[in-house]
J.: 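The structure that follows is given in the form of structure tokens.
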Amino acid sequence: MLPAEGPLAVQALYEDADILVLHKPAGLLCVPGRGPDKQDCLSARAQQHWPGALIVHRLDQATSGLVLMARHIDAQRTLSQAFAERQVHKRYVAVVQGQMQPPGAGTWAEIDLPIAADWERRPLRVIDAALGKPSLTRWCLQSHDDAANSTRVLLEPVTGRTHQLRVHLAALGHAILGDALYADAATLARSPRLLLHASELALAHPASGEPLAFHLAPDF
């Protein structure tokens with residue numbers, strides 16, 4: 001549904017008295033940044049239509065897809081705890097450079113590489129065996145595009161480090177197409193946007209405990 005027309009309209013896939021499930025377009029911040037030019041964001045737009053709406057988790061500005069917000073502080077506390085305890089299931093779709101090869105057909109593989117802040121090049125992150133925090137991503141092959149030399153993959157972040165999916169894929173030599181932070185110039189140039197999309201969310205409703213599942217297909 002679209003609660004308002006115009007450039008600041010927010011698309012809600014689901015709403016009730018406790019939660020919102022919103023579609024964040026690529027290029028839109030989740031929360032305000034520094035400076036007057038970075039005040040337009042998903043949370044500000046949502047609060048115009050649902051006063052008091054609160055952020056629970058974030059997507060990178062360049063990433064599109066499902067974002068969960070709370071309608072009040074009690075729901076935010078419950079949902080934040082569920083995220084912290086890894087009780088919220090998240091799945092992403094990405095298109096990456098090259099031909100990723102899983103260990104077997106239809107199987108999920110793991111990327112287990114520690115991630116640390118790159119303090120000299122903030123906000124970038126790096127793989128760092130000594131200083132990095134444990135970081136785990138599961139991935140599964142969807143399809144190969146031989147002509148384009150690319151691979152479409154499903155991704156499940158087990159941990160939630162900043163830029164985790166982007167860093168892990170780039171570390172394997174399969175940067176996401178259109179990634180302005182971690183791809184080389186040729187891979188960046190292959191797409192006008194980052195081809196990473198938060199496609200699935202599954203969680204227990206913070207008030208009723210009812211299992212909820214949401215899906216939003218990418219537009220790439």
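Start at 1 with the first residue, then count along the sequence.
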J.: Could you check whether any side-chain heavy atom of Asp219 comes within less than 4.5 Å of a side-chain heavy atom of Arg193, counting everything from C-beta outward?
T.: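 Contact flag for Asp219/Arg193 side chains = yes.
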J.: Scan Leu59, Leu201, Leu66 and name whichever one has a side chain to side chain contact (heavy atoms under 4.5 Å, CB included) with Lys90.
T.: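 Going through Leu59, Leu201, Leu66 one by one, the side chain to side chain contact (heavy atoms under 4.5 Å, CB included) with Lys90 is satisfied by Leu201 alone.
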J.: Of Thr137, Leu155, Ile111, which is the lone residue that meets side chain to side chain contact (heavy atoms under 4.5 Å, CB included) with Gln164?
T.: Thr137
J.: Looking at side-chain heavy atoms only, is the closest gap between Leu28 and Arg45 below 4.5 Å?
T.: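 Yes, at least one pair of side-chain atoms sits under 4.5 Å.
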J.: Say whether Val67 and Leu20 are linked into one hydrophobic cluster, either directly or through other cluster members, by side-chain heavy-atom distances under 4.5 angstrom.
T.: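 Shared cluster, yes.
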J.: At their closest point, which heavy atom of Arg58 faces which heavy atom of Cys30, and how far apart are they?
T.: CA-SG, 3.9 Å
J.: Side-chain heavy atoms under 4.5 Å apart, restricted to Ile/Leu/Val/Met/Phe/Trp/Tyr: what other residues fall into the cluster of Leu136, or is it alone?
T.: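 Members other than Leu136 - counting any ILVMFWY side chain reachable under 4.5 Å - are Val158.
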J.: Give the cluster check for Leu68 versus Leu29: same hydrophobic cluster or not, with ILVMFWY residues linked at side-chain heavy-atom distances below 4.5 Å.
T.: no
J.: Verify the cluster assignment for Leu54 and Leu79: are they in a single hydrophobic cluster under the rule of side-chain heavy atoms below 4.5 Å apart?
T.: no
J.: Do you know the tightest heavy-atom contact between Val56 and Ser80?
T.: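 Here Val56 and Ser80 meet closest at CG1-N, 4.1 Å.
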J.: Indicate yes or no: at least one non-hydrogen side-chain atom of Ile19 is less than 4.5 angstrom from one of Pro206.
T.: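 Side-chain contact under 4.5 Å: yes.
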J.: Less than 4.5 Å apart, any side-chain heavy atom of Glu110 and any of Arg138?
T.: yes
J.: Report the distance from atom NZ of Lys24 to atom OG1 of Thr63, rounding to the nearest 0.5 Å.
T.: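 Answer rounded to 0.5 Å: 6.5 Å.
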J.: Check whether Ile176 and Leu141 end up in the same hydrophobic cluster, where Ile, Leu, Val, Met, Phe, Trp and Tyr are linked by side-chain heavy atoms less than 4.5 Å apart.
T.: yes
J.: Hey, could you give me the CG/CH2 distance between Leu22 and Trp50, rounded to the nearest 0.5 Å?
T.: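 The CH2 atom of Trp50 is 5.5 Å from CG of Leu22, to the nearest 0.5 Å.
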J.: Looking only at heavy atoms, which two atoms of Ala116 and Gly132 are closest? And how far apart?
T.: CB-CA, 3.7 Å
J.: With a 4.5 Å cut-off on side-chain heavy-atom distances among I, L, V, M, F, W and Y, is there a chain of contacts connecting Leu113 to Ile115?
T.: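 Leu113 clusters together with Ile115.
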J.: Please determine, by modelled atom types, if Gln11 and His23 share a side-chain donor-acceptor pair under 3.5 angstrom.
T.: yes
J.: Is Pro32 close to Ser43 at the side-chain level, that is, under 4.5 Å between some pair of heavy atoms?
T.: yes
J.: Do the non-hydrogen side-chain atoms of Val153 and Gln142 ever get within less than 4.5 Å of each other?
T.: no
J.: Does any non-hydrogen side-chain atom of Met100 lie less than 4.5 Å from one of Leu169?
T.: yes
J.: Could you check whether atom CD of Gln101 has more than 12 heavy atoms from other residues, nucleotides or ligands sitting under 6.0 Å from it?
T.: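 Check passes, neighbour count above 12.
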J.: Walk me through it: do His168 and Tyr182 pass the test side-chain contact (heavy atoms from CB on, under 4.5 Å)?
T.: CA-CA 10 Å; His168 271 172; Tyr182 300 101; over 6 Å; no
J.: Would you sort out whether Leu216 and His197 count as a side-chain contact (heavy atoms from CB on, under 4.5 Å), showing the intermediate values?
T.: CA-CA 9 Å; Leu216 179 64; His197 176 83; 3.9 Å; yes
J.: How many angstroms lie between atom OG of Ser64 and atom OH of Tyr92, to the nearest 0.5 angstrom?
T.: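 Between Ser64 OG and Tyr92 OH, I get 10.5 Å after rounding to 0.5 Å.
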J.: Has the side chain of Gln76 got a donor or acceptor atom that lies under 3.5 Å from a matching backbone atom of Ile55?
T.: yes
J.: Measure across Asp18 and Ala207 and return the closest heavy-atom pair with its distance rounded to 0.1 Å.
T.: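 In terms of heavy atoms, the two residues are closest at OD2-CB, 3.6 Å.
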J.: Kindly compute the distance separating CG (Leu177) from CG (Leu196), expressed to the nearest 0.5 Å.
T.: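 Here the rounded value is 11.0 Å.
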J.: Please check if atom CD in Gln99 has more than 12 non-hydrogen atoms from other residues, nucleotides or ligands closer than 6.0 Å.
T.: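 Atom CD in Gln99 is crowded, with more than 12 foreign heavy atoms closer than 6.0 Å.
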J.: Just so I know, are the side chains of Arg166 and Arg125 near enough to count as touching, which here means a heavy-atom distance under 4.5 Å?
T.: no
J.: Would you name the heavy atoms of Arg71 and Ala17 that are closest together and state the gap between them?
T.: CB-O, 3.3 Å
J.: Roughly how far, to the nearest 0.5 Å, is CZ of Arg91 from CD of Glu200?
T.: 5.0 Å
J.: Between Leu203 and Phe83, is the side-chain contact (heavy atoms from CB on, under 4.5 Å) condition met? List the steps.
T.: CA-CA 9 Å; Leu203 64 147; Phe83 271 95; over 6 Å; no
J.: Does the Thr151 side chain pair with the main chain of Gly98, one donor and one acceptor, at a distance under 3.5 Å?
T.: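 Checking the backbone N and O of Gly98 against the side chain of Thr151, a donor-acceptor pair under 3.5 Å is found.
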J.: For the residue pair Gln47 and Ala53, what are the closest heavy atoms and their distance?
T.: NE2-O, 3.0 Å
J.: Just verifying a value: how many Å separate Asp60 CG and Leu165 CG, rounded to the nearest 0.5 Å?
T.: 8.5 Å
J.: Assess whether side-chain contact (heavy atoms from CB on, under 4.5 Å) is satisfied between Glu156 and His89, documenting all intermediate values.
T.: CA-CA 8 Å; Glu156 293 183 353; His89 175 79; 3.1 Å; yes
